[in-house]
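Quick caveat: nothing in here was measured; it's all calculated off a predicted structure. Reminder, nothing fancy here: chain letters follow the sequence lines and each chain counts from 1.
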Amino acid sequence: MNKTKYWVGRGIKNVILTIFSLFCVFPLFWVLIAATNTSVDIVSGVLLPGKNMVENFRTLAEHYDVFGASWNTVKYSVVCTIASIIVCSIAGYGFEIYHDKVKDRLFGLLMLTMMIPFVATMLPLYQSYAKLGLLNTTLGFILPSVSTVFLIMLFRQNSRTFPKDIIEAARIDGESELGIFFKMYVPTMKATYAAGATITFMNAWNNYMWARLIMSDNRAQTLPMMISNMITGHYIDYGMLMMAVLISTLPTLVVFFALQKSFVQGMTGAVKG
Amino acid sequence: MKLTMRKKENLVGWAFLAPAVVLIVIMNFVPIIQAMIMSFQSGRTGNMTFTGLTNFTRIIRDSRCIDALKITLEYVVVTVPLILALAVIMAVLLNDPKLKLKGIYRTCIFVPAAVSMVASAVIFRSLFAADGFVNSVLMNLGILENGYNFLGHPSSARIILMMVRVWKMLGYQMIFYLAALQSIDSTIYEAAKIDGATGLQQFFQITLPMLKPTMVFTIVMSVNAAIQVYDESVNLTNGGPGNATMPIAHYIYGLAFNGVPNFGYACALSMVILIVVGAMAMIQMKVGDRRE
């Protein structure tokens with residue numbers, strides 16, 4: 001009796017998980033199929049890989065500056081990730097290791113920015129950036145997202161596990177504070193860095209609202225902007241469109257899977273708090 | 001002057017914080033104050049004059065704005081709890097050491113998190129287009145005679161708009177809960193089992209309370225994100241049909257950058273969002289604090 005109950009429960013569990021797995025994976029599976037088929041076949045509901053992949057890519061490259069947009073997106077995302085990781089990790093470390101009442105209060109104040117919606121700050125930011133000549137520049141693209149409370153918090157929480165005795169010992173040995181950070185802290189916090197880098201890279205890569213606002217020059221446009229421009233016409237070449245979606249999605253997928261384990265590890269530390 | 005060890009350390013600490021703090025102040029606090037000031041002004045950029053509460057009284061008379069607020073509210077109220085519930089359920093189901101295929105399920109559900117909102121919206125737009133995949137399957141199966149224009153009808157368009165977010169965010173949030181579940185001490189469950197607690201009792205008495213801090217955190221984040229829904233509505237339906245899927249962020253963007261720009265009014269509307277997000281966050285923090 002108990003055994004049947006166990007197996008029924010097991011079965012239901014697997015059915016539920018299978019349904020949701022299919023729901024999540026199918027649209028991406030379809031992107032792969034569509035990127036290799038002609039628009040006519042896609043519309044008729046084909047579900048097998050086709051032979052039109054090269055042709056789809058050629059059409060895409062003919063009509064849109066896919067290389068330029070890819071290079072821009074890579075450039076903005078990589079610069080943003082590196083800058084963000086350096087600025088936020090050193091701040092997170094500072095908030096935890098040198099913490100006192102004033103710094104803790106300050107951190108609480110910074111937490112308020114998590115509640116500031118970007119639509120509210122976007123308009124004044126845009127005006128200032130226009131005045132300062134930051135439109136259509138990498139610096140303009142990354143500046144609003146270099147320093148985020150979320151990332152500082154990630155590093156601050158994870159710094160709690162960093163043993164303070166090591167710091168004291170290093171100080172007695174005459175190591176500088178910056179030396180302790182770079183030589184001892186950075187190498188031991190690989191998982192946190194991986195998690196922080198993943199999130200920052202993905203956010204920068206996928207940024208659309210801000211990108212659309214300040215990257216008005218066609219030569220500065222990003223992949224999400226390019227895809228968004230592709231759907232405005234009356235006739236849509238689905239093969240070409242899904243090829244573009246695939247190109248814009250592959251890099252984040254690769255980053256994600258490469259860093260998946262550390263991502264989960266790093267996040268666990270942040271959430272437990 | 002000779003600095004003591006302690007003082008020197010303190011200064012170094014401040015130096016470590018400085019770049020990040022300065023950037024946050026310039027990129028968040030300064031513009032939000034500018035937006036507050038602009039919300040009381042009208043006129044063209046560079047030539048704005050104070051007009052008191054005019055922008056705010058206009059909101060009440062602006063029926064398109066009220067519609068946009070309603071659509072946003074509906075969107076938040078449906079998607080946030082739905083994603084939360086599904087993410088917790090998936091995490092609990094996956095947190096079973098005896099489950100085979102665990103890694104495959106987890107990866108499958110997580111994969112959409114790596115896709116951008118723009119790409120997600122474009123994928124669903126293509127799947128549900130009048131000549132899209134879903135319609136051709138329904139017609140091939142004989143369920144529909146002619147294609148149904150999913151994105152051309154207000155209610156189905158809104159449902160698909162919500163579906164895009166559920167699809168993209170479910171796995172991402174699930175990871176947070178999975179991480180939290182794995183940090184719960186398994187001896188608590190063993191003790192509960194000895195005391196004769198059923199599976200459901202264990203879930204409600206142990207699992208849920210343990211997940212509460214994670215929940216408060218993810219709810220604040222996802223309310224703030226959902227209330228600003230923009231990428232999806234632009235790329236799924238562009239607000240249509242009519243304005244049936246035009247959420248408030250999309251409306252604000254249009255006010256500021258399409259046709260005659262009206263920054264003052266757009267800022268006043270963004271203040272409304274700020275107040276709503278702030279109020280919700282306060283409530284959630286209060287609820288979250290009560291666990292002690």
Going through the distances and angles, do B/Asp231 and A/Arg212 end up as a salt bridge (charged side-chain N to carboxylate O under 4.0 Å, His left out)? CA-CA 10 Å; B/Asp231 299 8; A/Arg212 189 181 174 206; over 6 Å; no

If I measure from the heavy atoms of chain B, does [X] come under 4.5 Å with its side chain, its backbone, both, or neither?
X	result
A/Asp100	side chain
A/Val149	both
A/Met225	neither

Who among [options] has the most heavy-atom pairs with chain A under 4.5 Å?
options	result
B/Ala15, B/Ala113, B/Gly171	B/Ala113
B/Val134, B/Ile37, B/Leu93, B/Val25	B/Leu93
B/Leu178, B/Leu17, B/Leu23, B/Thr218	B/Leu17
B/Leu99, B/Val137, B/Val220, B/Ile252	B/Leu99
B/Arg125, B/Met117, B/Met38	B/Arg125
B/Ser126, B/Ala266, B/Ala119, B/Ala249	B/Ser126

Interatomic spacing from [atom1] in [X] to [atom2] in [Y] - rounded to 0.5 Å:
X	Y	atom1	atom2	value
A/Leu125	B/Asn28	CG	CG	8.0 Å
B/Ile32	A/Thr113	CD1	OG1	10.5 Å
B/Leu274	A/Met115	CG	CE	10.0 Å
A/Leu123	B/Ser39	CG	OG	11.0 Å
A/Phe26	B/Ile123	CZ	CD1	11.0 Å
A/Ser128	B/Ile26	OG	CD1	10.5 Å

Under a 4.5 Å cut-off applied to non-hydrogen side-chain atoms, are [X] and [Y] in contact?
X	Y	answer
A/Phe107	B/Val21	no
A/Leu17	B/Lys102	no
B/Val234	A/Met209	no
A/Cys24	B/Val111	no
A/Thr252	B/Val115	no
A/Pro27	B/Leu127	yes
B/Thr107	A/Phe257	yes
A/Tyr208	B/Ser116	no

Would A/Leu213 and B/Tyr253 count as a side chain to side chain contact (heavy atoms under 4.5 Å, CB included) if you check the C-alpha gap in whole Å, the side-chain angles of each, and the deciding distance to 0.1 Å? CA-CA 9 Å; A/Leu213 196 54; B/Tyr253 200 101; 3.6 Å; yes

Heavy-atom pairs under 4.5 Å with chain B, option from [options] with the top count:
options	value
A/Val87, A/Leu22, A/Leu28	A/Leu28
A/Leu253, A/Leu112, A/Thr232, A/Leu223	A/Leu253
A/Val25, A/Thr18, A/Leu110, A/Ile116	A/Ile116
A/Leu241, A/Leu109, A/Ile231	A/Ile231
A/Glu177, A/Lys103, A/Met242	A/Lys103
A/Pro224, A/Ala120, A/Pro117	A/Pro117

Checking heavy atoms, do the side chain of [X], its backbone, both or neither come under 4.5 Å from chain A?
X	answer
B/Tyr177	neither
B/Tyr105	both
B/Ile175	side chain
B/Leu86	side chain
B/Phe257	side chain
B/Met139	neither

For B/Phe16, run the ring pair (Phe, Tyr, Trp, His ring centres under 6.0 Å) check against A/Tyr98, A/Phe95, A/Phe182 and tell me which one passes.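 Answer after filtering A/Tyr98, A/Phe95, A/Phe182: A/Tyr98.
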
Indicate the atoms forming the closest heavy-atom contact of [X] with [Y], along with that distance.
X	Y	value
B/Lys98	A/Arg10	O-NH1, 3.3 Å
B/Gln34	A/Pro124	OE1-CB, 3.4 Å
B/Ala114	A/Asn206	O-ND2, 4.2 Å
A/Ser44	B/Asn140	O-ND2, 3.7 Å
B/Gln228	A/Val119	OE1-N, 3.1 Å
A/Thr148	B/Ile24	C-CD1, 4.3 Å

Determine, step by step, whether B/Met27 and A/Val146 satisfy the side chain to side chain contact (heavy atoms under 4.5 Å, CB included) criterion, reporting the C-alpha distance in whole Å, the side-chain angles of both residues, the deciding distance to 0.1 Å, and the verdict. CA-CA 9 Å; B/Met27 296 300 149; A/Val146 164; over 6 Å; no

Suppose we call two aromatic rings close when their centres sit under 6.0 Å apart. Are A/Phe256 and B/Phe110 close by that rule?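 Between B/Phe110 and A/Phe256, which both carry aromatic rings, the centre distance is below 6.0 Å.
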
Between A/Arg171 and B/Glu9, is the salt bridge (charged side-chain N to carboxylate O under 4.0 Å, His left out) condition met? List the steps. CA-CA 10 Å; A/Arg171 275 177 192 154; B/Glu9 267 168 35; 3.1 Å; yes

Taking A/Met114's backbone N and O only, do any of them form a donor-acceptor pair with B/Asn224's side chain (distance below 3.5 Å, no angle check)?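 Side chain of B/Asn224 to backbone of A/Met114: a pair is present.
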
A/Phe181 vs B/Val12, side chain to side chain contact (heavy atoms under 4.5 Å, CB included): CA-CA, chis, key distance, verdict: CA-CA 11 Å; A/Phe181 175 77; B/Val12 172; over 6 Å; no

Decide yes or no on side chain to side chain contact (heavy atoms under 4.5 Å, CB included) for A/Tyr126 and B/Phe263, but give the supporting numbers first. CA-CA 11 Å; A/Tyr126 172 76; B/Phe263 273 50; 4.2 Å; yes

